[in-house]
Amino acid sequence: MATKRVKIASTVGLHARPAGLFAQAAARQPVPVLIGRPGEKGVAASSILAVMALGVKFEEEVELSAEGDGAEAALEELAELLSQDLDATPAT
């Protein structure tokens, strides 16, 4: 299983818009991805409600994990997304 840790760069944490953008990106991945605090059980990264329920704050570290073909690339893409202030990014 591939794992990657990343600090949340969105100033509002993973709430509302940042959680939605992240969940949408996770749903596009070729493998299921989990997100959670290090050492805790992760939740489905593709579920906006599950992601928001984590209550992750600005600069808090999370762990992404996935298994299967394309797991490393999926985690890299999602970690890059979380390392940006998604609340400051213009809507597309």
Find the distance between [atom1] ([X]) and [atom2] ([Y]) and round it off to the nearest 0.5 Å.
X     : Y     : atom1 : atom2 : result
Asp85 : Ser10 : CG    : OG    : 5.0 Å
Arg37 : Leu54 : CZ    : CG    : 6.0 Å
Leu21 : Leu14 : CG    : CG    : 10.5 Å
Leu82 : Glu77 : CG    : CD    : 11.0 Å
Thr3  : Glu72 : OG1   : CD    : 8.0 Å

Hydrophobic clustering (ILVMFWY, side-chain heavy atoms < 4.5 Å, transitive) - are [Y] and [X] grouped together?
X     : Y     : value
Val62 : Val43 : yes
Leu64 : Ile48 : no
Val31 : Leu34 : no
Val56 : Leu86 : yes
Val33 : Ile8  : yes

With no hydrogens and no angle check, is any side-chain donor or acceptor of Ser47 less than 3.5 Å from a backbone partner on Ala44? no
Which heavy atom of [X] sits nearest to which heavy atom of [Y], and what is that distance?
X     : Y     : answer
Asp69 : Pro30 : O-CG, 4.2 Å
Ala66 : Pro32 : CB-O, 3.5 Å
Ala25 : Gln29 : O-NE2, 3.0 Å

Pairwise side-chain contact, Phe58 with Val12, heavy-atom cut-off 4.5 Å (strictly under): no
Closer than 4.0 angstrom, basic N to acidic O: yes or no for Glu61 and Arg5? yes
Pair Glu63 + Lys4: basic N to acidic O under 4.0 Å: no
What residues, two or more places apart in sequence or in another chain, satisfy side chain to side chain contact (heavy atoms under 4.5 Å, CB included) together with Ala27? Ser46
With a cut-off of 6.0 Å (strictly less than), are more than 12 heavy atoms of other residues, nucleotides or ligands near CD of Glu60? yes
